[in-house]
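This report concerns only the one structure given below.
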Number of protein chains: 2
Amino acid sequence: MANIREVAKRAGVGVGTVSRALNNTGYVAEETRQKIIDAVNELEYTPNELAKQLFRNRNGIVGVMVPNLEHPFFAKMMRHIEMELSKHGYKCLACNTIGIVNRQQSFMDMLDRNMVDGIIACVDSLADFEGRKGRAIVSMDRNWGPDVPIVLSDHGQGGRLAAEAFLRDGCRKVVQFTAGRKSETTNLRHEVLAQILQENQCEVITIGTKWDALSYAYNKSIVLQYMDVIQEADGLMTNDIGAMSCLVVAQKMGIKVPDQLKIIGYDGTEITNLTYPELSVVVQDCGELARNCVDMVLDMIDGNEPQTMRKIVPVTWKQGGTT
Amino acid sequence: MANIREVAKRAGVGVGTVSRALNNTGYVAEETRQKIIDAVNELEYTPNELAKQLFRNRNGIVGVMVPNLEHPFFAKMMRHIEMELSKHGYKCLACNTIGIVNRQQSFMDMLDRNMVDGIIACVDSLADFEGRKGRAIVSMDRNWGPDVPIVLSDHGQGGRLAAEAFLRDGCRKVVQFTAGRKSETTNLRHEVLAQILQENQCEVITIGTKWDALSYAYNKSIVLQYMDVIQEADGLMTNDIGAMSCLVVAQKMGIKVPDQLKIIGYDGTEITNLTYPELSVVVQDCGELARNCVDMVLDMIDGNEPQTMRKIVPVTWKQGGTT
DNA sequence: ATGAAAGCGCTAACAG
DNA sequence: CTGTTAGCGCTTTCAT
């Protein structure tokens, strides 16, 4: 645990010279540099990042909040965000917000305490954003008001793609499960789906749930609870997990998919490859979402105003065997 | 961005007093305390954690390495580890190691640079552990040699539970896909399974793969590649994703599960609820694994020797519809 | 009970 | 080219 002063002493130079040599900043004679390198090796010196961080008032860490790290969609986002951050030399501090009171607030506080340089938040409520205008915060897929830039999928397009698939298959009565709060940006998919289907004389039943809790058991219980509604429908759309739950329950009850019921998953995470038939899905481009979140937050950390307050990323359709 | 000196000046006291008041350390008169609190509020002062961290030479962060944050098992571990760390006031720095060269090494370096107080590693190779004896490193499920304490599931028991299920169902020929390197602790499950089955006149075919890459596509391609072998078998065990891939492919080919083929998943992540029939699985207790990893690493951060170099956590059997 | 002062380990400005 | 010095913002003796 040698420090820079010991290295300097051993090399017979001043600490400033050591710092310059090690950081390649400013001039240092080749001979001197070599003496310093030797001293570093002999002492097994490694710079203390904590001291650098204090000096710079930065620590190169971005906090990433999601409701649940285990949820396939958020896990995927987290993977992409972490890799993208690492490309830029940043580290990723991960945080589950569900199930821990005040977790979100304490995470936001870390910005003030300089424990993170910025935050990417994929969570619902806007708790404690007040007074943090100008801080490096980017929201993923949730509207936190006019002061927080948001990166999100084109859910209007998502709703349209799903509607077109249902119409293509001649559906007359489609059920959709919505998640979380009304008036969320993410509910646009359901509004667009309903509008397009209704314009085409297809009935739409919209059922509100709180899937976001991501209890697989809860998902299934909801499906079971509404099974009578589903049985009378010929189409269904909800998030991946919900859709897969429906598929399983429908199969168990002898409903033929896709003959009697078309099912569309929203998100398109990898797990939708693991059913039979494979789920037809609207795919969110997590790589691109992550890239935009990271670019924006790093730009803000550098002190710039957000280039845009709203970045929309296209979604794609992936045909499976359930439509 | 007021600092402690400005607060002190405003309150008309010394910085030491402010520090003591804010941290409840040492005496401070009620009247003085109040003046300080007022100053804090007026200035909207928040302590700079970076400075505290330098002083303590700790930052309250534990690095957690996994191959892939998106893999259901590692995502589950990450969730549990993060929640467990947060219970103890620690933060979780997440890291994907797959697909980025030298990622693991640079993560290990962070220990030396004081960028993390400790590391929980769920990765294969032992790159760069050399010379770090005594550092706060805990390994999850991988043997990194005698100097690194390890927390792992009782894979012997896991193999036994699976074997018993196959025998109960009268299997005569069981295929198992092994993942990653030979001689891994995790391969014990396959050895025990093979031994028990063979003792009971049940043939065992062991096929080595590199599932760990966690490409769902790769999983499926492997299953397809060995489909002729699988078709002649009446039992199959591999990790959750592999097992689900098999289930899908088998169903697609008209193989009846579980009548013609019994399938057992190893890990027991939530996604195994999402097939029909639900997968029968050996469940790893990620909560308990996480608790032990965290307890050990925090203990080591406190400067203690590991209480044990090997902590084994029981697994459980969960009966699904595929056996 | 409190203020002054000495660091924590590093960087950067400044004078030579 | 290099050594010295003054901080970064905080905590903690140590007198008083």
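Order of the sequence lines sets the chain letters (A, B, ...), proteins ahead of strands, with each chain counted from 1.
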Contact list (N/O, under 3.5 angstrom) for nucleotides 14-16 of chain C vs protein:
none

Residues two or more places apart in sequence or in another chain: which of them pass side-chain hydrogen bond (donor to acceptor under 3.5 Å, both in side chains) with B/K9?
-> none

Segment of DNA chain D, first to last nucleotide, that comes within the 4.0 Å heavy-atom reach of chain A = D/dC1 to D/dG9

Please name all residues satisfying side-chain contact (heavy atoms from CB on, under 4.5 Å) with B/M300, sequence neighbours left out, ordered by chain then number.
-> B/A136, B/V138, B/P149, B/P306

Counting only non-hydrogen atoms, which of residues 26-54 of chain B are less than 4.0 Å from DNA chain D?
-> B/Y45, B/P47, B/N48, B/A51, B/K52

Any chance you could lay out the side chain to side chain contact (heavy atoms under 4.5 Å, CB included) test for B/M77 and B/L69, step after step, and finish with the verdict?
-> CA-CA 9 Å; B/M77 280 306 307; B/L69 282 164; over 6 Å; no

Using side-chain contact (heavy atoms from CB on, under 4.5 Å) as the criterion, list what pairs up with A/V15, not counting sequence neighbours.
-> A/I4, A/R5, A/A8

Hey, can you pull the residues of residues 4-12 of chain B with a non-hydrogen atom under 4.0 angstrom from DNA chain C?
-> B/G12

Are B/D267 and B/K76 ion-paired here, with the side-chain N under 4.0 Å from a carboxylate O?
-> no

Restricting to pairs with a member in residues 300-312 of chain B, which pass side-chain hydrogen bond (donor to acceptor under 3.5 Å, both in side chains), not counting sequence neighbours?
-> B/D299-B/N304

Residue whose nearest DNA chain D nucleotide is more 5′ - A/V15 or B/S19 = A/V15

Those residues that, when tested against A/S139, pass side-chain hydrogen bond (donor to acceptor under 3.5 Å, both in side chains) (two or more places apart) = none

Taking only residues two or more places apart in sequence or in another chain, which ones pass side-chain hydrogen bond (donor to acceptor under 3.5 Å, both in side chains) with A/S153?
-> A/Q284

Write down the distance between CG (A/N57) and C1' (C/dT11), rounded to a whole number of angstrom.
-> 14 Å

With sequence neighbours excluded, residues passing side-chain hydrogen bond (donor to acceptor under 3.5 Å, both in side chains) with B/R291 = B/E288, B/D295

End axis versus end axis in the helix from C/dA1-D/dT16 to C/dG16-D/dC1, the angle rounded to 10°, five pairs used at each terminus | 50°

